Protein chains: 2
Amino acid sequence: MSLLQAANTRERLLQAAAALIWERGYQATGVDELCARAEAKKGSFYHYFPSKIDLAIAAIESTWQQVENGVFKPIFSTDLSGMEQLSQLVAKVSELLLVNTGDRKMILGCPFGNLGQEMALHDERIRVVLQNIFSAHCAYIESALNKAQREAEIPAGDNAQRAKNIFALLEGCLLLAKVDKDLNVFRHTMPVVRLMASA
Amino acid sequence: MSLLQAANTRERLLQAAAALIWERGYQATGVDELCARAEAKKGSFYHYFPSKIDLAIAAIESTWQQVENGVFKPIFSTDLSGMEQLSQLVAKVSELLLVNTGDRKMILGCPFGNLGQEMALHDERIRVVLQNIFSAHCAYIESALNKAQREAEIPAGDNAQRAKNIFALLEGCLLLAKVDKDLNVFRHTMPVVRLMASA
DNA sequence: TATAATATTTACTGACCGGTCAACTATACG
DNA sequence: CGTATAGTTGACCGGTCAGTAAATATTATA
């Protein structure tokens with residue numbers, strides 16, 4: 001098998017891990033199951049990653065990279081107004097948490113929030129990775145608030161703090177949607193975001 | 001052993017389950033471990049509960065009962081103003097999520113939010129129980145908003161929706177605090193709650 | 001082509017998990 | 001009493017889990 005295909009094996013493991021951990025969580029995802037999904041043998045798994053938790057860390061970092069490039073950068077580098085950027089983010093979020101898991105569309109919640117809730121107290125390395133990813137989320141939100149403030153869309157204020165609160169609200173809505181099996185929560189969150197940005 | 005002591009065994013199992021599941025989550029809590037903490041043998045466990053998940057359900061319902069009687073009812077039956085009730089709730093929440101686990105004080109987050117994130121997609125029974133508990137939370141918040149509205153503390157508005165958003169914000173802050181290992185998020189959330197109540 | 005490094009495969013641990021079972025003990029009640 | 005019922009105990013499953021080992025195959029390099 002060529003180096004290209006070899007790289008594919010690692011990539012497939014990463015992708016399978018990201019998908020399965022998002023669907024079922026870290027602990028409920030078995031290594032065997034994961035290998036099956038990646039069409040790799042367990043030996044290969046442990047050739048590329050020293051342990052299950054190392055794969056999880058690599059997978060979540062890879063997921064964030066994809067989300068950042070596929071969602072955040074496109075939205076926050078447009079010349080839309082700051083508030084319009086945030087509006088697009090909320091729309092994207094409430095559309096992305098509904099995922100095709102093969103059998104059904106399910107509300108999986110936030111891949112980072114899920115993992116944080118499950119693993120932050122169990123593994124310090126994962127906790128720190130997630131903390132940084134959360135931080136990155138907030139930085140994007142803050143940048144939009146700064147833009148909105150520059151363009152006099154919102155009054156001056158502590159945008160870093162505003163960003164954190166907005167992010168917390170979003171994560172909370174994600175949890176509510178998951179437990180309620182209902183996306184309707186999100187139909188009312190953008191007005192609240194506007195409010196939080198304006199005070 | 002008397003009936004009284006027998007009742008104690010069941011109660012000890014419930015209490016141990018509530019504590020351990022809050023600390024480590026459902027899946028990371030072993031039946032053996034749980035029995036050890038409750039000073040009961042595994043046979044006794046399965047005498048009182050048909051399965052691990054049944055104990056978890058009973059434990060989370062029991063936890064909610066305690067929280068409702070120990071936190072919600074005392075706060076929301078005072079004759080404090082609606083907004084002052086909410087302020088007390090936020091204060092209580094940010095104080096209760098910091099728990100002595102024996103070795104250290106740790107930020108465990110919300111027992112219901114944690115379990116919902118972990119189990120909502122795995123077990124439909126737990127999901128429904130948690131959905132109802134969330135609903136109950138929101139009802140208390142809504143009652144305070146209604147009071148505040150009656151007493152002209154806040155303008156008229158959709159208090160049910162406001163309550164949901166406030167609850168989501170709180171759950172999000174709980175998650176942030178846990179992942180950041182830092183309670184400071186809560187120093188800025190009451191002003192936001194006031195804001196959300198007033199729009 | 002020889003050789004070394006990398007990748008894949010198969011088979012296999014050993015520990016742990018939730019759950020079962022049957023024997024034993026204590027209590028309640030007629 | 002005696003007997004049914006409730007509670008307790010410790011030994012014991014079968015399955016699953018993350019992780020390992022060693023042989024084999026593939027590729028890169030010279």
Side-chain angles (χ1 to χ4, degrees), chain A residues 1-60 62 115 118-119 121-126, chain B residues 1-60 62 115 118-119 121-126:
Chain A
M1 197 172 269
S2 70
L3 262 185
L4 187 84
Q5 284 170 304
N8 274 347
T9 299
R10 211 190 109 101
E11 208 51 45
R12 286 200 314 274
L13 284 166
L14 238 24
Q15 206 171 328
L20 277 176
I21 292 175
W22 192 9
E23 277 180 40
R24 314 185 191 179
Y26 173 80
Q27 302 177 89
T29 297
V31 173
D32 292 312
E33 186 187 13
L34 199 140
C35 291
R37 173 113 155 208
E39 293 179 282
K41 311 293 170 172
K42 189 144 49 166
S44 286
F45 178 104
Y46 285 98
H47 174 70
Y48 288 105
F49 301 96
S51 73
K52 184 187 171 189
I53 199 118
D54 284 280
L55 170 62
I57 291 173
I60 205 69
S62 152
L115 197 60
E118 184 186 358
M119 298 300 293
L121 295 175
H122 288 78
D123 187 281
E124 181 67 7
R125 285 158 67 207
I126 287 200
Chain B
M1 197 174 268
S2 71
L3 264 184
L4 187 85
Q5 285 169 304
N8 274 347
T9 300
R10 210 189 110 101
E11 207 51 45
R12 286 201 312 274
L13 284 167
L14 238 25
Q15 207 171 328
L20 277 176
I21 291 175
W22 192 11
E23 277 180 38
R24 315 188 189 178
Y26 174 79
Q27 303 176 89
T29 297
V31 173
D32 292 312
E33 187 187 12
L34 199 140
C35 291
R37 174 111 154 207
E39 292 179 284
K41 311 294 169 170
K42 189 145 50 168
S44 286
F45 178 105
Y46 286 98
H47 174 71
Y48 288 104
F49 301 95
S51 72
K52 183 188 172 189
I53 201 126
D54 284 280
L55 170 61
I57 291 173
I60 206 69
S62 152
L115 197 60
E118 185 187 358
M119 297 301 294
L121 296 174
H122 287 79
D123 188 280
E124 181 67 8
R125 285 157 68 208
I126 285 200

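Keep in mind the model is a prediction, meaning the values are calculated, not measured. Letters A, B, ... are given to chains in the order of the sequence lines, protein chains preceding strands, and every chain is numbered from 1.
In this structure A:Ala19 satisfies the side chain to side chain contact (heavy atoms under 4.5 Å, CB included) test together with A:Arg37, sequence neighbours excluded. For B:Asp32, the side chain to side chain contact (heavy atoms under 4.5 Å, CB included) criterion is met by B:Lys42, not counting sequence neighbours.
Rounding to the nearest 0.5 Å gives a distance of 13.0 Å between OH of A:Tyr48 and CG of A:Leu55. Annotation: the span from A:Leu115 atom CG to A:Ile60 atom CD1 amounts to 5.0 Å, rounded to 0.5 Å. In this structure, CZ in A:Phe49 is found 4.5 Å from CG in A:Leu14, a value given to the nearest 0.5 Å. The NZ atom of A:Lys52 sits 7.0 Å away from atom CD of A:Gln27, with the distance rounded to the nearest 0.5 Å. Atom OG1 of B:Thr29 is separated from atom CH2 of B:Trp22 by 13.5 Å, given to the nearest 0.5 angstrom.
In this structure, A:Lys52 reaches the sugar-phosphate backbone alone: every heavy-atom distance under 4.0 Å involves primed, P, OP1 or OP2 atoms, never a base.
In this structure, A:Leu13 places its CG atom 12 Å from C1' of C:dT8, rounding to the nearest Å. Atoms CZ (B:Phe49) and C1' (C:dG18) sit 16 Å apart, rounded to a whole Å. Across the protein-nucleic acid pair, B:Asn8 atom CG and C:dT27 atom P stand 14 Å apart, rounded to whole Å. A straight line from CG of B:Asp54 to C1' of C:dG19 spans 13 Å, rounded to a whole angstrom. Residue B:Glu39 contributes atom CD, which lies 11 Å from atom P of D:dT9 at whole-angstrom precision. One can place OH of B:Tyr48 at 18 Å from P of C:dG19, the figure rounded to the nearest angstrom. Atom CZ in B:Phe45 sits about 20 Å away from atom P in D:dA6, given to the nearest Å. To the nearest angstrom, C1' of C:dC17 lies 15 Å from CG of A:Asp32.
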Below 3.5 Å between N/O atoms, which protein atoms pair up with nucleotides 22-24 of chain C? Just atom names and distances, please.
none

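Within the 4.0 Å cut-off from OP1 or OP2 of D:dA18, not a single side-chain nitrogen or oxygen of A:Ser51 is found. For A:Tyr46 and D:dT20, the shortest distance from a side-chain N or O to OP1 or OP2 is not below 4.0 Å. Of the side-chain N and O atoms in A:Lys41, none sit less than 4.0 angstrom from OP1 or OP2 of C:dT8.
For B:His47, taking side-chain heavy atoms from C-beta onward, the closest of the listed nucleotides D:dA6, C:dC17, C:dT9 is D:dA6. Of all nucleotides listed (C:dG19, C:dT10, D:dA18), D:dA18 comes nearest to the side chain of A:Lys42.
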